[in-house]
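Here the structure is laid out as structure tokens; the discussion comes afterwards.
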Amino acid sequence: MYCLIAAESAIFTIFVVAYIFYLGKSLTGPRPEDVLHPPVFFTICLLSSSLTAYLAERNLAQGKVGAFKRWWLLTIALGAAFLFGTAREWRRLIFDEGLTISTNLFGTTYYSLVGLHAFHVTAGLIALLIVSLIALLGHISREHAGRVAVLSLYWHFVDAVWIVVFTVVYVVGV
């Protein structure tokens with residue numbers, strides 16, 4: 001997992017640098033400051049999901065499978081809420097603001113960077129759902145805590161990356 005996170009960090013670094021490099025170089029609008037609104041609520045949802053993943057992992061390590069399932073499902077719900085917020089923002093940007101991936105450099109870099117993150121959240125949610133299904137079928141126990149911890153590490157990485165993406169796109173870039 002550490003090797004995967006290192007490789008993914010390099011990929012995200014390239015996308016973040018590209019976003020910063022092309023910031024303000026679009027010849028046509030819309031510009032970030034014209035259309036972007038920080039998704040504070042959905043960011044809180046995503047960042048809170050790291051806490052719930054940790055609590056789920058800790059409960060499983062203690063053999064509290066029922067509490068694990070509840071915290072794990074809450075983690076999934078918070079991650080899904082974040083994805084819903086991203087989809088809602090993209091719908092507004094595309095249909096109300098006219099910003100698509102081909103509109104200008106800002107659109108290209110914005111959708112590439114935020115889309116890369118959304119892809120990773122989606123992949124993480126799929127993995128979390130698989131573990132949840134296994135747990136709901138009664139096939140998870142304290143002995144699986146180490147494996148759950150590895151998946152939680154990926155989820156924490158996705159959350160940490162969002163802090164960088166949020167800062168670059170919604171704070172520095174507007």
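The shortest distance between side-chain heavy atoms of Phe68 and Val148 falls below 4.5 Å. With contacts defined as side-chain heavy-atom distances shorter than 4.5 Å, the pair Trp155/Leu46 qualifies. Looking only at side-chain heavy atoms (C-beta outward), Phe12 and His120 come within less than 4.5 Å of each other. Contact of the Thr43 side chain with the Trp162 side chain is registered, since non-hydrogen atoms from C-beta on lie closer than 4.5 Å. Annotation: side chain of Val16 is not in contact with side chain of Phe21 (no heavy-atom distance under 4.5 Å). Under the 4.5 Å side-chain criterion, counting only non-hydrogen atoms from C-beta, Tyr54 is not in contact with Ser50. With a 4.5 Å cut-off on side-chain heavy atoms, Asn104 and Leu99 count as touching. No side-chain heavy atom of Leu60 sits under 4.5 Å from any side-chain heavy atom of Trp72.
The local environment of CZ in Arg88 is sparse, with at most 12 non-hydrogen atoms from other residues, nucleotides or ligands closer than 6.0 Å. More than 12 heavy atoms of other residues, nucleotides or ligands lie within 6.0 Å of OH in Tyr170, so this atom counts as buried by the packing criterion. Surrounding NZ of Lys69 are more than 12 heavy atoms belonging to other residues, nucleotides or ligands, all under 6.0 Å away. Counting heavy-atom neighbours within 6.0 Å of Trp71 CH2, excluding the residue itself, gives a total of 12 or less.
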Donor-acceptor list for residues 122-139 side chains, cut-off 3.5 Å, not counting sequence neighbours:
residue : atom : partner : partner atom : Å
Thr122  : OG1  : Ala118  : O            : 2.8

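Shortest non-hydrogen contact noted between Ser152 and Ala53 is OG-O, 4.0 Å. Listed here is the closest heavy atom pair of Ser49 and Gly79: CB-N, 4.5 Å. The two residues Glu57 and His156 have their closest heavy-atom pair at OE1-NE2, 4.5 Å. Counting all heavy atoms, side chain and backbone alike, Leu23 lies closest to Gly173 at CD2-CA, 3.4 Å. Val65 approaches Ser141 most closely through the heavy-atom pair CG2-CA, 4.2 Å.
Note: Phe157 CZ to Leu153 CG = 9.5 Å, rounded to the nearest 0.5 Å. Note: Arg70 CZ to Lys64 NZ = 10.5 Å, rounded to the nearest 0.5 Å. Note that CG of Leu151 and CZ of Arg147 are 12.5 Å apart. Values are rounded to the nearest 0.5 Å. Atom CG of Asp159 and atom SG of Cys45 lie 11.0 Å apart (nearest 0.5 Å). The structure places NZ of Lys25 at 11.0 Å from OG1 of Thr109, a figure rounded to the nearest 0.5 Å. Atoms CD and CZ, on Glu97 and Arg91 in that order, are 11.0 Å from each other to the nearest 0.5 Å.
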- Run the numbers on Ile94 and Tyr111 for side chain to side chain contact (heavy atoms under 4.5 Å, CB included), then give the verdict. CA-CA 11 Å; Ile94 293 166; Tyr111 286 110; 3.3 Å; yes
- Task: Go through the steps to decide whether Tyr22 and Phe106 satisfy the test side chain to side chain contact (heavy atoms under 4.5 Å, CB included), and finish with yes or no.
- Result: CA-CA 7 Å; Tyr22 288 114; Phe106 161 58; over 6 Å; no
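The hydrophobic cluster containing Tyr110 does not contain Val17, counting ILVMFWY residues as joined when their side-chain heavy atoms lie under 4.5 angstrom apart, directly or transitively. Note: the hydrophobic cluster containing Leu74 does not contain Phe42 (ILVMFWY, side chain heavy atoms under 4.5 Å, direct or indirect links). There is no path of hydrophobic side-chain contacts, each under 4.5 Å, that joins Phe15 to Ile163. Under the 4.5 Å side-chain heavy-atom criterion for Ile, Leu, Val, Met, Phe, Trp and Tyr, Tyr154 and Phe119 are members of distinct hydrophobic clusters. Residues Ile44 and Val164 do not share a hydrophobic cluster, clusters being chains of Ile/Leu/Val/Met/Phe/Trp/Tyr side chains in contact below 4.5 Å.
At distances below 3.5 Å, at least one donor-acceptor pair connects side-chain atoms of Thr103 with backbone N or O atoms of Gly98.
With sequence neighbours left out, the side-chain hydrogen bond (donor to acceptor under 3.5 Å, both in side chains) criterion links Arg31 to Glu33, Asp34. Residues satisfying the side-chain hydrogen bond (donor to acceptor under 3.5 Å, both in side chains) criterion with Ser102, sequence neighbours excluded, are Thr100.
When ring centroids are compared, His117 and Phe82 come within the 6.0 Å threshold.
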